[in-house]
Colleague: 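Quick one: the structure is below, questions incoming.
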Amino acid sequence: MTGNVRRLARELAGQVGAEAVDVRAQAPESAFLLLTYTFGTGQVPDSTRNFLDQHGHLLRGVVSSGSYHWGQNFARAADVIAARYGVPVVAKINKGGTATDRVRVLTWLKEQN
């Protein structure tokens with residue numbers, strides 16, 4: 001919605017020599033790390049839920065953005081998705097994330113290869 005997740009995905013993909021895929025236009029062909037936002041008071045966006053209904057078997061980890069002002073519901077979509085699909089929450093990021101968040105995600109990505 002704000003573009004924070006899209007920008008983060010592109011930046012991270014560029015740093016590891018991968019492609020950030022907009023799943024609205026292209027389905028994944030192999031295992032993937034999902035970056036999504038949290039909607040409302042902690043919900044998984046409908047578009048993310050629909051995507052995972054079809055491709056969740058390839059999911060290996062999740063990163064969710066949110067805003068600290070939601071308190072206990074901050075980036076809660078990551079928790080919901082991780083519990084449903086049995087994958088790790090790689091990071092919960094405030095809005096566009098920090099340098100520390102990027103390092104955490106990049107470290108996880110490198111460990112997967």
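For this chain, numbers begin at 1 and follow the sequence in order.
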Colleague: I'd like to check Arg76 versus Thr41 (side-chain heavy atoms, cut-off strictly below 4.5 Å). Are they in contact?
Modeller: no
Colleague: Mind checking the CG-OG spacing from Asp101 to Ser65? Nearest 0.5 Å is all I need.
Modeller: 10.5 Å
Colleague: Quick one: closest heavy-atom pair of Val89 and Ala82, and the distance?
Modeller: CG2-CB, 3.6 Å
Colleague: Under a single-linkage definition using a 4.5 Å side-chain heavy-atom cutoff for Ile, Leu, Val, Met, Phe, Trp and Tyr, are Leu8 and Val90 assigned to the same hydrophobic cluster?
Modeller: yes
Colleague: By the side chain to side chain donor-acceptor pair (under 3.5 Å) test, which pairs, at least two apart or in different chains, include something from residues 53-63?
Modeller: Asp53-Arg84
Colleague: Just wondering, do Leu59 and Ile81 contact through their side chains at under 4.5 Å, heavy atoms?
Modeller: yes
Colleague: Evaluate the side-chain proximity of Pro45 to Thr36: yes if any heavy-atom separation is below 4.5 Å, no if none is.
Modeller: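 With C-beta onward as the side chain, the pair touches.
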Colleague: Are Leu35 and Leu106 connected, step by step, through hydrophobic side chains (Ile, Leu, Val, Met, Phe, Trp, Tyr) whose heavy atoms are closer than 4.5 Å?
Modeller: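 In one cluster: yes.
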Colleague: State, with a plain yes or no, whether a side-chain heavy atom of Asn94 is found less than 4.5 Å away from one of Thr98.
Modeller: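 No; the side chains remain at least 4.5 Å from each other.
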Colleague: Name each donor-acceptor pair under 3.5 Å that joins a side chain in residues 9-19 to protein atoms two or more places apart or in another chain, with its distance.
Modeller:
{"residue": "Glu11", "atom": "OE1", "partner": "Arg102", "partner atom": "NE", "Å": "3.0"}
{"residue": "Glu11", "atom": "OE2", "partner": "Gln15", "partner atom": "NE2", "Å": "3.4"}
{"residue": "Glu11", "atom": "OE2", "partner": "Arg102", "partner atom": "NE", "Å": "2.8"}

Colleague: First locate atom OG of Ser47, then atom CG of Leu52, and finally report the distance between them rounded to the nearest 0.5 Å.
Modeller: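 Going from OG on Ser47 over to CG on Leu52, the span is 9.5 Å.
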Colleague: Arg49: what forms a salt bridge (Lys or Arg N to Asp or Glu O under 4.0 Å) with it, not counting sequence neighbours?
Modeller: none
Colleague: May I ask you to test the Phe32-Leu34 pair for a side-chain heavy-atom distance under 4.5 Å?
Modeller: yes
Colleague: Counting only N and O atoms by type, is there a donor-acceptor contact under 3.5 Å from the side chain of Thr38 to the main-chain atoms of Ala77?
Modeller: yes
Colleague: Between the main-chain N or O of Val44 and the side-chain N or O of Thr48, is there a donor-acceptor pair closer than 3.5 Å?
Modeller: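 Side chain of Thr48 to backbone of Val44: no pair is present.
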Colleague: So that I can tick it off, tell me whether Lys92 and Asp79 are bridged by a salt bridge, with the cut-off set at under 4.0 angstrom between side-chain N and carboxylate O.
Modeller: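 Result for this pair is yes, salt bridge flagged.
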Colleague: Find the distance between OH (Tyr68) and CD1 (Ile93) and round it off to the nearest 0.5 Å.
Modeller: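 Nearest 0.5 Å value for the OH-CD1 distance: 9.5 Å.
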Colleague: Nearest heavy-atom pair of Pro28 and Leu58: which atoms, and what distance?
Modeller: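 Smallest interatomic distance, heavy atoms only, reads O-CD1, 4.0 Å.
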